[in-house]
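Have a look at the structure below before the remarks.
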Amino acid sequence: MVSVHHRTTNIDGMEVFYREAGPTGAPAVVLLHGFPSSSFMFRELIPPLADRYHVIASDHIGYGSSAAPPPDKFPYTFDALTDVTAKLLDHLKVKKYAVYMHDYGAPITLRLALRQPDRITAIISQSGNAYMDGFGEKFWAPLFAYAKDPGPQTEPGVKQVLQPETTRWQFYHGVPDPTLVSPDGWQHAQDIIDRPGNDQIQLKLFEDYKTNLPLYPKAQQYFRDSKVPVLAVWGRNDEIFIPAGATAFQRDLPDAEVHLLDAGHFALESHLDAIAGYVRGFLGRTVG
């Protein structure tokens, strides 16, 4: 059995929660969660990796057990979330690392890679988008409308994304056997969203999402220049980040490994064993 430690440290006066397991001298693997979850989404992936790797999974500011200051106390932008993640890794003395990115974890990963490309040893993407090809039009239309023109006319569309039925849909949609998905995942995520004032945090990040799109050409150039090893394991039934976003990696990285699973957006909830197997094999071939 692998021991998983649940720790909190102070970054810029804010508590940052992270899960940590595995030998500290082993190659590091950083797990970055997406909306609307937290490091809780990696609870069952950490043990299968921690026998060989130093695994770190943090909660972004505003999520999980990390601090959630109001928007007038913290700038809820993807640049700011990246700053906190980078400072956490420096605090933990993690110099080089592979990164597993999901959803919001992707724009944070891309920023980390563009800032300090030599520190990234490999990238694993589970619905972690880096291409315009990857956006599911129906889901993203109201979010892009709000990002372009935030206000009373566009806010109702994005607030629908914060409702329990949408969160549950994110976890269950596209899963052929819904009984494989524990309700713990979506209920935990909804509890985060439902905290007083958290809707304003989410609106700030929805508004800032437009800043991620100009990163894509730069990230794609980084892929071509660095030839960073990439593994994409996506749910082929994901309607948020569609499978075209996974196969697009091979345009810039012909050797990128792509596996499309019969799953949805939160593929770990239904396909843990398959994903853990792909990840262990990929890391063993690329980072040791």
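- Contact of the S270 side chain with the F171 side chain is not registered, since no non-hydrogen atoms from C-beta on lie closer than 4.5 Å.
- Considering every non-hydrogen atom in both A246 and L260, the closest pair reads CB-CD2, 4.0 Å.
- Using a 3.5 Å distance cut-off with no hydrogens or angles, the side chains of N198 and Q202 do pair a donor with an acceptor.
- Counted by atom type alone, D79 and T82 present zero donor-acceptor pairs between their side chains at under 3.5 Å.
- Side-chain contact between L261 and R236: absent, with no pair of heavy atoms (C-beta onward) separated by less than 4.5 Å.
- Side chains of S127 and D238: a donor on one and an acceptor on the other come within 3.5 Å.
- H265 has its side chain within reach of H102: a pair of non-hydrogen atoms, C-beta onward, lies under 4.5 Å apart.
- Aromatic ring centroids of F42 and Y100 lie under 6.0 Å apart.
- Counting only N and O atoms by type, the side chains of S38 and R43 include no donor and acceptor under 3.5 Å apart.
- Identified under the side-chain hydrogen bond (donor to acceptor under 3.5 Å, both in side chains) test for residues 273-284, with sequence neighbours left out: D51-R280.
- Taking the six-membered ring for Trp, H33 and Y63 have ring centres closer than 6.0 Å.
- A pairwise comparison of heavy atoms in P47 and V4 identifies CG-CG2, 4.3 Å as the closest pair.
- Note on ring orientation: taking the six-membered ring where Trp is involved, the planes of F135 and Y216 are parallel (angle under 30°, cut-offs 30° and 60°).
- The aromatic rings of Y209 and F78 lie perpendicular to each other, with more than 60° between the two planes, well past the 30° mark.
- From L89, atom CG reaches atom CD of Q116 across 9.5 Å, with rounding to the nearest 0.5 Å.
- The side-chain heavy atoms of E20 and V55, taken from C-beta on, include no pair separated by under 4.5 Å.
- Residue pairs meeting the ring-ring contact (aromatic ring centres under 6.0 Å, His included) criterion with at least one member in residues 2-29: none, sequence neighbours excluded.
- Side-chain contact between T286 and T121 is absent, with no heavy-atom pair separated by less than 4.5 Å.
- Interatomic distance, Y76 OH to L81 CG, rounded to the nearest 0.5 Å: 8.5 Å.
- Side-chain contact check for F35 versus L205: every heavy-atom pair is 4.5 Å or farther apart.
- Proximity of F206 to L203: side-chain heavy atoms (C-beta onward) are separated by under 4.5 Å at one or more points.
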